[in-house]
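What follows is a single structure, written as structure tokens, with notes after it.
Letters A, B, ... mirror the listed sequences (proteins, then strands); counts begin at 1. We use all heavy atoms of the structure for the numbers below, so side chains are in, but hydrogens, waters and symmetry mates are not.
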Protein chains: 2
Amino acid sequence: MKQQVNQLTIQEVAEATGLSVHTLRYYEKVGLIHTIGRADNSHRRYTDDDIGWIDFLNKLRATGMSIQQMQAYATLQRQGDETLPDRLAMLRQHQQMVEANIAELQRHLEVICYKVGYYQQLVTEMAEKEPAFSQ
Amino acid sequence: MKQQVNQLTIQEVAEATGLSVHTLRYYEKVGLIHTIGRADNSHRRYTDDDIGWIDFLNKLRATGMSIQQMQAYATLQRQGDETLPDRLAMLRQHQQMVEANIAELQRHLEVICYKVGYYQQLVTEMAEKEPAFSQ
DNA sequence: TCTTGACTTAGAGCGCACTCTAAATGTTAT
DNA sequence: ATAACATTTAGAGTGCGCTCTAAGTCAAGA
């Protein structure tokens, strides 16, 4: 029973993760993903763990971490448990960045909402004063 | 008393808005900013209104609106009041995009925070079991 | 046997949003 | 007069993160 659990092709992983097959190879080439195991025909075979890691990468990307930083993180990850404190520090810093970013977005969003409200009022007034279009 | 209120140089506007002088000229060239008035020596002179508009552009950018979309918005703006409904629609759509984006960031942030907590615990445990460094 | 189709690689190309360069002009201070 | 400095232009260059191409291998189906 030493079979490997879920062996996914690159196509399947693309569908599962939302990354393109191109991007999956690119991520592997630049070291974001460790060298993926191969089937006999030299085709990549991804494990469930690989999917998990890629999903996590996606979260880091979507929250604005650069490829460079993700490379640094991935390198630490591969070096094992002794780099745990470093990874913790990186995640902490990123967490703060994301929190700051959300706060900024919310401030800007308020201005946009205010403007939407103001424009809505103007448009409503225009419609009221111009009954030409209401028949 | 027909003097123009605040006539700022491009340098001053750069400092005021956080954009570089290069970017200010670039924004004008691609039509994000209307053609700025000139002093006798052909140097640009920005008004307070210009600053206000640039600040708003900055908010749109910072919330993820593309240059292309901002161009469309700026074009509508220049066409006057009859485009108000269109601008309202654009802002509304952008508002929704930003809200969705914030929500996504918050979901991802939760995962990151969870991981930070987990790593923190591991690191703490490592420190406890290895008193070599505590002296 | 032949075709189709998924995969492989190295490396080129692309879109975005700036960012910078070079050469010229004009203003100000010594 | 001369030097230093801010501005002007058109257009070239840059960094990021993909995205695609071309040429090849391999396996399955008609």
Side-chain angles (χ1 to χ4, degrees), chain A residues 6-47 50 53-75 94 97 101 104 108, chain B residues 7-47 50 53-75 94 97 101 108:
Chain A
N6 248 336
Q7 297 276 272
L8 297 164
T9 68
I10 197 167
Q11 188 65 61
E12 290 164 339
V13 175
E15 277 152 28
T17 63
L19 294 177
S20 72
V21 293
H22 297 299
T23 303
L24 283 169
R25 292 198 199 97
Y26 165 69
Y27 274 16
E28 189 177 338
K29 185 160 60 179
V30 301
L32 288 183
I33 304 173
H34 71 90
T35 307
I36 294 292
R38 304 301 177 109
D40 293 347
N41 55 10
S42 84
H43 290 192
R44 289 174 178 79
R45 288 293 176 267
Y46 293 78
T47 68
D50 294 333
W53 172 246
I54 293 166
D55 281 344
F56 183 59
L57 284 182
N58 265 336
K59 290 188 210 314
L60 293 182
R61 276 299 295 139
T63 48
M65 186 180 283
S66 70
I67 298 285
Q68 269 206 10
Q69 281 203 86
M70 294 190 342
Q71 284 171 330
Y73 189 89
T75 301
H94 186 59
M97 227 215 51
N101 186 222
E104 192 198 14
H108 292 338
Chain B
Q7 295 279 272
L8 296 163
T9 69
I10 196 167
Q11 188 65 62
E12 290 164 339
V13 174
E15 278 151 27
T17 62
L19 294 176
S20 73
V21 293
H22 297 298
T23 303
L24 283 169
R25 293 198 198 96
Y26 164 70
Y27 274 18
E28 188 176 338
K29 185 160 60 177
V30 301
L32 289 182
I33 304 174
H34 71 88
T35 307
I36 294 292
R38 303 302 176 108
D40 293 346
N41 56 10
S42 83
H43 289 192
R44 287 173 179 79
R45 288 294 176 265
Y46 294 79
T47 68
D50 294 333
W53 172 246
I54 293 166
D55 281 344
F56 183 59
L57 285 182
N58 266 336
K59 288 187 211 315
L60 293 181
R61 275 298 296 138
T63 49
M65 186 180 282
S66 70
I67 297 286
Q68 270 207 10
Q69 279 202 87
M70 295 193 338
Q71 285 171 328
Y73 190 89
T75 301
H94 186 59
M97 230 213 50
N101 186 220
H108 292 340

Fill in: Nucleotide D:dC18, atom P - distance to CG of A:Asn58 in whole Å
9 Å
Discussion item. What contact category does B:Arg61 fall into here, base, sugar-phosphate, or nothing, at under 4.0 angstrom with non-hydrogen atoms?
Written reply: sugar-phosphate
Discussion item. Once you apply a heavy-atom cut-off of 4.0 Å, does B:Thr9 come out as touching a base, just sugar-phosphate, or nothing?
Written reply: sugar-phosphate
Response to the item:
Rounded to whole Å, the CD-C1' distance (A:Glu28 to D:dG17) equals 17 Å
Response to the item:
Rounded to whole Å, the CG-C1' distance (A:Asp40 to C:dT8) equals 15 Å
Worksheet entry | N/O donor-acceptor pair under 3.5 Å between B:Asp50 side chain and B:Thr47 backbone | yes
Worksheet item: How are the rings of A:Trp53 and A:Tyr73 set to each other: parallel, tilted or perpendicular (split at 30° and 60°)?
Response: parallel
Response to the item:
When rounded to whole Å, the CD to C1' distance for the pair A:Gln71 and D:dC18 reads 13 Å
Worksheet item: Taking OP1 and OP2 of C:dC18, is either one under 4.0 Å from a side-chain nitrogen or oxygen of B:Tyr27?
Response: yes
Worksheet item: B:Leu60 has an atom CG; how far is it from atom P of C:dC16, in whole Å?
Response: 18 Å
Discussion item. Using a heavy-atom cut-off of 4.0 Å across all strands, would you classify A:Ser66 as base, sugar-phosphate, or nothing?
Written reply: sugar-phosphate
Practice prompt. Grab the CD1-C1' distance between A:Ile33 and D:dC18 for me, whole Å please.
Written response: 13 Å
Discussion item. Whether B:Ser42 contacts C:dT25 is assessed here as follows: a side-chain N or O lying under 4.0 Å from the phosphate OP1 or OP2. Is that the case?
Written reply: no
Worksheet item: Between atom NE2 in A:His43 and atom C1' in D:dA28, what is the gap in whole Å?
Response: 12 Å
Worksheet item: Which part of the nucleic acid, if any, lies within contact of A:Arg38, taking any heavy atom under 4.0 Å across all strands shown: a base, the sugar-phosphate backbone alone, or nothing?
Response: sugar-phosphate
